[in-house]
Amino acid sequence: MRARQDAPAHRRRLASILAPFVGGCAGIQSTFSAFGTEAESTRALTLGMTIAGVLIVAGVAALVVHAIRSPPGRLDHRGGMRVILWLGGIGPVALLTVLLLLSLPTMRSLRAEPGGLVIAVDGEQFWWRVRYAVTPERIVESANEIRLPAGRAVTFELASADVIHSFWIPGLAGKMDMIPGRSNTLVVHATRAGRFRGACAEFCGLSHARMAIDVVVLEAPEFDRWLAEAQRPAPDAPDAGRDLFGAYGCDGCHAIRGHFAGSTIGPDLTHVGSRKSLGAGASAMTRDAVARFIRDSSSLKPGSRMPAFPKMPPDDADRIAAYLMDRR
Ligand code: CUA
């Protein structure tokens, strides 16, 4: 009866012990919550090796207990040598051979489909430039969010404009460095639709820890519709925020297709309002956060290269933010 009364507290204790070990296994940014072929095979291999490791340790512990309990002299010299030969030589070689054979297929990179989509991603301080090559001549630029079609292989061409970054979407595939002056290729294959997240995995400066990337996997037909839509410029309509965007010179760094040909120094903002996060994961995409970012980006993102506008009246920042939130 007493054990029954204690059960919830007991379970709570067990949960609190296990929490640090399993707390990171689920969610939108986890190798264990895989949504790509490469991450799925890595997860299977990791689980297989963990189970094998636990069985080996348990077997060795059982042998030790058996040896301690056996009467002295039960194993002669020849018997001892046989144990060393099998458990210290033949056993480990056989086990490592099996593990090597199991892991070889997961080391092979995925193959790009001929004519498949190529997405160029450049690491910047501290954001991601994303360019979809709809055709080699027709490029759709975006930033800080990647959309992928489920069930199709996509080739990433990874480079960096400044320092070394590392492109890592744990649920999709392994990480790959983005190195200035060279282009690294990573082929991925998303297996299910959903919203996920990746991050920069190489220390690159003050806001390295605020350099995340949103990943949206769509069913293939939905992706095709989205990509066709994303190529359209912003509709031409008068807007006070649009005028202020130009008056404050925001187009000196940012482009909004159809409104400001602008420059490609900063992130493309044509569809900024449809992104989930602001400043590569620095904050949720809300009108207030955008207005705050405009006046003082370093308050949300230390080390950001965007200049501060401390003298900009809050109403102006709010109007520009409203205009940007409408860019969907
Ligand atoms: Cu980019 Cu760390």
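In each ligand, atom 1 is the first atom listed, and ligand 1 is the first ligand listed. All values below come from the heavy atoms of this structure, side chains included, with hydrogens, waters and symmetry mates left out.
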Classify the ring geometry between Phe167 and Phe156 as parallel (under 30°), tilted (30 to 60°) or perpendicular (over 60°).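 Aromatic pair Phe167/Phe156 classed perpendicular.
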For the residue pair Phe245 and Phe260, categorise the inter-ring angle as parallel (less than 30°), tilted (30 to 60°) or perpendicular (more than 60°).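 Phe245 and Phe260: tilted rings.
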Determine, for [X] against [Y], whether the closest basic-nitrogen to carboxylate-oxygen distance falls under 4.0 angstrom.
{"X": "Asp214", "Y": "Arg195", "value": "no"}
{"X": "Asp243", "Y": "Arg319", "value": "no"}
{"X": "Glu40", "Y": "Arg43", "value": "no"}

Side-chain donor-acceptor distances from residues 307-317 under 3.5 Å, at least two apart:
unit_1	atom_1	unit_2	atom_2	d
Asp316	OD2	Tyr248	OH	2.6

Counting no waters, how many protein N/O/S atoms sit under 2.8 Å from atom 1 (Cu) of ligand 1?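 Under the 2.8 Å cut-off, the count stands at 4.
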